[in-house]
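These numbers come from a predicted model, not from an experiment. Residue numbers count from 1 along this sequence.
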Amino acid sequence: MLSMSNVSPSPGTPMAASPLTRACLEIDEYAAGLGWDKPARLFALVDTARLKKQEPRLASQLGLDKDDAGQSSLTPIEQDTVPSGTPLDKFLGTIAWPDAVVGCALTVERLMLPPSAEASVPEGLNDKQLSKWVAGHPERQEVRITVAVLRDGSRESAVRLREKDSSTEVLTGGGLVPGLAEALAATFA
């Protein structure tokens, strides 16, 4: 279990951003500090004030007992490693969160094609064939995707292109990766 609270907020994080946006960007910045070619990472999102009140020792271990200035109201806590070789949708289907977890987030690296290339995808490919085709496409982009959801249905995403690996170049928006957001939201069902 690792808290992200000691990670400095991303320089591009707007002060007026929602707590969910700040948490999503905090996780993106943490993942960026680890470098590329890393496995998927899963995070529980907990209410910082509640954690400090109900679990003061844990909050202290996570560095949350310091001054609240600049601290997000959501604390991301990294979970155990996402098992390699298990399809992400099957893994997410096994998760059940305790009531203290108000949201969750996942960061994962993928290959993406621009919309102009999507029209040229050959028909009838299975998942393995499609992955191979995308990996060989000259317009493919390597991206790190971070998606965060709350129990109340709120969603946020951050997408970082490998070729523009800078916190000022991270794209954000609640609807950027709807399929993954749906899968994460289902862990609260």
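- Arg50 places no side-chain N or O within donor-acceptor distance of the main-chain N or O of Asp47, the cut-off being under 3.5 Å.
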Salt bridge (Lys or Arg N to Asp or Glu O under 4.0 Å) assessment of Glu29 paired with Arg22: CA-CA 10 Å; Glu29 193 68 21; Arg22 287 193 301 273; over 6 Å; no
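- Atom OG in Ser60 sits 10.5 Å away from atom NZ in Lys52 (nearest 0.5 Å).
- Using a 4.5 Å heavy-atom threshold, the side chains of Cys104 and Phe43 count as separate.
- Screening Asp37, Val143, Ile145 against Glu109 for a side chain to side chain contact (heavy atoms under 4.5 Å, CB included) leaves a single residue, Asp37.
- With Ser166 contributing its side chain and Thr168 its backbone, the two residues share a donor-acceptor pair below 3.5 Å.
- In Asn126, the CG atom is crowded: over 12 heavy atoms of neighbouring residues, nucleotides or ligands sit closer than 6.0 Å.
- With contacts defined as side-chain heavy-atom distances shorter than 4.5 Å, the pair Val108/Arg144 does not qualify.
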Trace of the side-chain hydrogen bond (donor to acceptor under 3.5 Å, both in side chains) decision for Thr48 with Thr75: CA-CA 5 Å; Thr48 304; Thr75 297; 2.5 Å; yes
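- For the side chain to side chain contact (heavy atoms under 4.5 Å, CB included) criterion with Leu180, the lone passing option out of Leu106, Val149, Thr146 is Leu106.
- With sequence neighbours excluded, the residues that form a salt bridge (Lys or Arg N to Asp or Glu O under 4.0 Å) with Glu142 are Arg162.
- Closest of all the heavy-atom pairs between Gln79 and Ile77 is NE2-O, 2.8 Å.
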Evaluation steps, side-chain contact (heavy atoms from CB on, under 4.5 Å), between Trp36 and Asp165: CA-CA 10 Å; Trp36 288 87; Asp165 194 3; 2.7 Å; yes
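- Across every non-hydrogen atom of His137 and Ser120, the tightest pair is NE2-OG, 4.2 Å.
- Lys53 is linked by a side-chain contact (heavy atoms from CB on, under 4.5 Å) to nothing, counting only residues two or more places apart in sequence or in another chain.
- How far CZ of Arg140 is from CG of Leu113: 9.5 Å, rounded to the nearest 0.5 Å.
- With Arg151 contributing its side chain and Val101 its backbone, the two residues share a donor-acceptor pair below 3.5 Å.
- Although no hydrogens or angles enter the test, the distance criterion places no donor-acceptor pair under 3.5 Å between the side chain of Gln54 and the main chain of Leu51.
- Put simply, the side chain of Val46 does not reach to within 4.5 Å of the side chain of Val102, judged on heavy atoms.
- Considering all non-hydrogen atoms of both residues, Gly124 and Gln129 come closest at O-OE1, 4.0 Å.
- Here CD of Glu139 is found 4.5 Å from OG of Ser116. Values are rounded to the nearest 0.5 Å.
- Taking the side chain as every heavy atom from C-beta outward, Glu163 and Gln141 approach each other to under 4.5 Å.
- A heavy-atom distance below 4.5 Å is found between the side chains of Leu45 and Leu20.
- No donor-acceptor pair closer than 3.5 Å links the side chain of Glu78 to the backbone N or O of Pro76.
- Considering only heavy atoms from C-beta on, Arg155 stays 4.5 Å or farther from Val147 through its side chain.
- Scanning for side-chain contact (heavy atoms from CB on, under 4.5 Å) contacts around Pro122 gives Leu125, Trp133, with sequence neighbours left out.
- Using a 4.5 Å heavy-atom threshold, the side chains of Phe188 and Leu150 count as separate.
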Show your working on side-chain contact (heavy atoms from CB on, under 4.5 Å) between Val121 and Leu130 and close with a plain yes or no. CA-CA 8 Å; Val121 175; Leu130 180 60; 3.6 Å; yes
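- Contact of the Ile95 side chain with the Leu42 side chain is registered, since non-hydrogen atoms from C-beta on lie closer than 4.5 Å.
- To the nearest 0.5 angstrom, Cys24 atom SG is 11.0 Å from Leu74 atom CG.
- Here the CG atom belonging to Leu92 is positioned 12.5 Å from the CD atom belonging to Glu182, to the nearest 0.5 angstrom.
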